[in-house]
Structures are given as structure tokens and as C-alpha cells.
Amino acid sequence: MVIGMKGLELSRRYYEAYGKEMLARFPALEKEYAAGLVGRGSECFGFDDEISRDHDYGPSFCIWLRRELYEQYGRKVQEAYEEMPAEFLNVPGRVMEETGRGRVGVLCLEDFYYGLLGTEHVPVTNREWMQLQDEHLSTATNGEVFEDCSGAFSRIRDGLLSYYPEDVRIKKIVARMAKMSRAGQYNYMRAMRRGERVAAELFLHEFIRESMLLVYLLNRRYAPFDKWLHKGMKNLSTCAEIGDMISLFYQVEKAEDRLLIIEAICNIIVQELHTQGLSNLEDNFLQNHLQVVTENIKDETLRKMQFLEG
């Protein structure tokens, strides 16, 4: 077995070694398919390791066909796909759990995006964008497209990768800030003073999660599933130090020390709001920035939404 090979690299090599030749047996699809590895699974994010390789790991890739071609050729191409060698570079064939079925092999292009996002196309309006969740967008745009002969798959992918419209991004920033301030700067210490430790821990965890989501928004990057939120921050450039500061919460026990970390994180956020021209206030209390940041939104409907919405 090739020790330590990432799933994406293994997938790419497998496609180059066997996939291209197999697909060449279908002349009608010569300029019509896309191939790569995108979607659910740690290997699509490049986060797979020795722990995650006990399932859904092994030589495999995706083939995307538009619906009419999938209905006509999907079964035959899938049969040819399954005839390729299961083992590759001494790596055993992919071991799939029941929940991992349908992630690789021949897939309907439209169904792939609909299954992740609830839509087959790139959102057009702010309302459509607001209905999508970061982790789903992150899953739909991760991984790598090895080849896209028709460009159909990549047109949707590139449209999603262009990121949220600015008004939508700002509205989501406001919502994250509102939840951070409510949970960390207000409710955490109040719960601790009342001896409500369970409630306090819930508020702290909410502050931590919302902080990470906000950092991704400030970087204009879709936040992945919770399991990879903190790990993925290492790949960000703006406010990336907040990831290290979050780790400090689990090295201290005193509420006062944790409050200092909360305030330090909020201070970094405020400085970045200044950098991005979203607020000119010096106040460290994020709640006081909400209206100022909201005034940057041009879409009247979004601007009138409650702070916590988004």
C-alpha cells in the first residue's frame, strides 16, 4: 500500500491509469462527461488520514453525465467502471459504508448538485443564495475536477465558487456577530455567575462555532461541516489566528480567563471589520456594530431582516 497517499491523489492517478481508457470506449460521450472527486467525505476536502481510511477510501472517482446522457448511458458506463481493477498501487478496493453509497461512480450531474444544494443551478437572487448553507456549498465545491469535456459541470461549480453576493455575505456576517455577542459577550458570564455551568458551556460552544463561521465569511470561503471547521481554518489567511485562540479555551478552566479570550477574539473581528470597510466603530462589543454593518447592505429586504437571521 502507498502509505499516506491522500484520497484525491489516489483518485486522480486511478482515473489517469484506467478511467480515461475506459471512457474512451464510449465515443458518444467523448465531449460530454466530467470526471473528478467532489462531494461528501474527508478525502474530498483533503482531510483524510489513517483514521478516516477505514471506510469510503480506495481507488475511485466520479463521472458526471447530464441527465439525458445519464439515462441513456449511465448503466453501461457504470458496468464498465465496475470492471476496472479494484486494487490500485497496492491500495485495496474502496470499502463503502451504507451511508457512503452513491458518492463515486457514474452520477447524474443535475442530481448531484440537487442532492447537495436542493437546486440544479447557480442561485440567481439573493433570496436563493440565503437559502443555501455553507457546509452544503463547501461540499459541492470541494475536491478536484480532473476533466470536464463539455464544461457543464464546471459552469455550475465556477458559479458557486464565485461566492455569495456581497449583500448576502454581509447579512450572514451580521448574523454571526449577533450570535457571537449574545452567547459569548453576554450570556456566558451571566450563566457562570448563576452557577449554570451546563448553560455556560452551551453558550461558549455557540460562541466558538459562530466565531469560526464568521472567519470563513471574512475570508470569502464556504465553511465546511463542523468536523472540519477548526482544521480548515489553517488554510485561511484572514483572522486565521482565531483558530489558535479557540484552542486556548480548552487549556484554561477559569471563566475569567475564557472571557479574556472571548474579548481578544472579538477585538480581532472588529479590526477586520475596519479593514473591510464594514464598520468604523472602536467598540469591542460586537452587538454595537450590528446596525453599522447592516447599513452596508443595499438589498432593502436583507437590510430589514432581524440581526439574528442568516
Side-chain angles (χ1 to χ4, degrees), residues 7-45 55-88 93-124 128-129 131-133 135-162 222 225:
L8 264 175
E9 181 182 356
L10 179 65
S11 177
R12 188 188 311 108
R13 291 194 187 187
Y14 187 58
Y15 169 72
E16 293 289 341
Y18 295 108
K20 281 189 171 184
E21 182 182 355
M22 180 272 289
L23 284 162
R25 290 154 48 188
F26 298 90
L29 302 179
E30 181 181 3
K31 298 181 180 180
E32 299 293 346
Y33 73 87
L37 187 65
V38 179
R40 297 185 176 93
S42 56
E43 70 279 7
C44 296
F45 287 99
H55 68 286
D56 297 337
Y57 176 77
S60 55
F61 58 90
C62 305
I63 302 168
W64 295 283
L65 299 174
R66 287 180 288 111
R67 180 170 286 113
E68 63 270 24
L69 294 173
Y70 176 80
E71 291 174 352
Q72 185 174 358
Y73 295 99
R75 180 176 296 180
K76 293 179 180 178
V77 179
Q78 181 64 37
E79 290 174 353
Y81 178 92
E82 293 173 358
E83 290 173 359
M84 294 188 300
E87 184 178 300
F88 178 64
R94 185 179 177 100
V95 178
M96 289 188 292
E97 292 187 338
E98 189 61 35
T99 54
R101 295 190 181 280
R103 294 184 180 181
V104 294
V106 185
L107 307 171
C108 173
L109 187 157
E110 292 88 349
D111 288 349
F112 173 81
Y113 281 113
Y114 189 85
L116 293 175
L117 304 174
T119 179
E120 299 176 2
H121 59 81
V122 179
V124 176
E128 289 178 325
W129 277 105
Q131 292 175 346
L132 300 181
Q133 296 182 30
E135 67 176 83
H136 298 155
L137 286 160
S138 179
T139 301
T141 56
N142 65 15
E144 185 179 340
V145 179
F146 308 147
E147 194 164 19
D148 189 351
C149 302
S150 71
F153 185 86
S154 295
R155 277 193 291 273
I156 299 175
R157 179 180 175 87
D158 292 344
L160 297 173
L161 283 170
S162 67
Y222 297 126
F225 174 58

Verdict with supporting geometry, E128 and L132, side-chain contact (heavy atoms from CB on, under 4.5 Å): CA-CA 7 Å; E128 289 178 325; L132 300 181; over 6 Å; no
Would you check if S60 and Y81 make a side-chain contact, meaning some heavy-atom pair closer than 4.5 Å? yes
With sequence neighbours left out, write down each residue that passes side chain to side chain donor-acceptor pair (under 3.5 Å) with R75, or none if nothing qualifies. none
Evaluate whether atom CD of E21 has more than 12 neighbouring non-hydrogen atoms of other residues, nucleotides or ligands under 6.0 angstrom away. no
Determine whether the aromatic ring centres of residues F45 and F225 are separated by less than 6.0 angstrom. no
Please check this pair: side chain of N142 against backbone of V38, looking for a donor-acceptor N/O pair closer than 3.5 Å. no
Among all residues two or more places apart in sequence or in another chain, which pass the salt bridge (Lys or Arg N to Asp or Glu O under 4.0 Å) test with E68? R66
Given the rule in the side-chain contact (heavy atoms from CB on, under 4.5 Å) test, do L29 and I63 qualify, once you have shown the distances and angles that lead to the verdict? CA-CA 11 Å; L29 302 179; I63 302 168; over 6 Å; no
Please report the C-alpha distance between T119 and Y113 in whole Å, then the side-chain angles of each, then the deciding distance to 0.1 Å, and finally whether the side-chain contact (heavy atoms from CB on, under 4.5 Å) criterion is met. CA-CA 6 Å; T119 179; Y113 281 113; over 6 Å; no
Under the ring-ring contact (aromatic ring centres under 6.0 Å, His included) rule, collect the residues that match up with Y70, sequence neighbours excluded. none
Please check if any side-chain donor atom of E135 sits under 3.5 Å from a side-chain acceptor atom of Y222, or the reverse. no
Results of side chain to side chain donor-acceptor pair (under 3.5 Å) for R12 - residues two or more places apart only: E144
Set of side chain to side chain donor-acceptor pair (under 3.5 Å) partners for E30, sequence neighbours left out: none
Show your working on side-chain contact (heavy atoms from CB on, under 4.5 Å) between Y18 and E83 and close with a plain yes or no. CA-CA 10 Å; Y18 295 108; E83 290 173 359; over 6 Å; no
Once ring-ring contact (aromatic ring centres under 6.0 Å, His included) is applied, do any residues pair with Y33, and if so which ones, sequence neighbours excluded? none
Any donor-acceptor pair under 3.5 Å linking the side chain of Q78 with the backbone of V106? yes
Can you label the angle between the F153 ring and the F112 ring as parallel, tilted or perpendicular, going by 30° and 60°? tilted
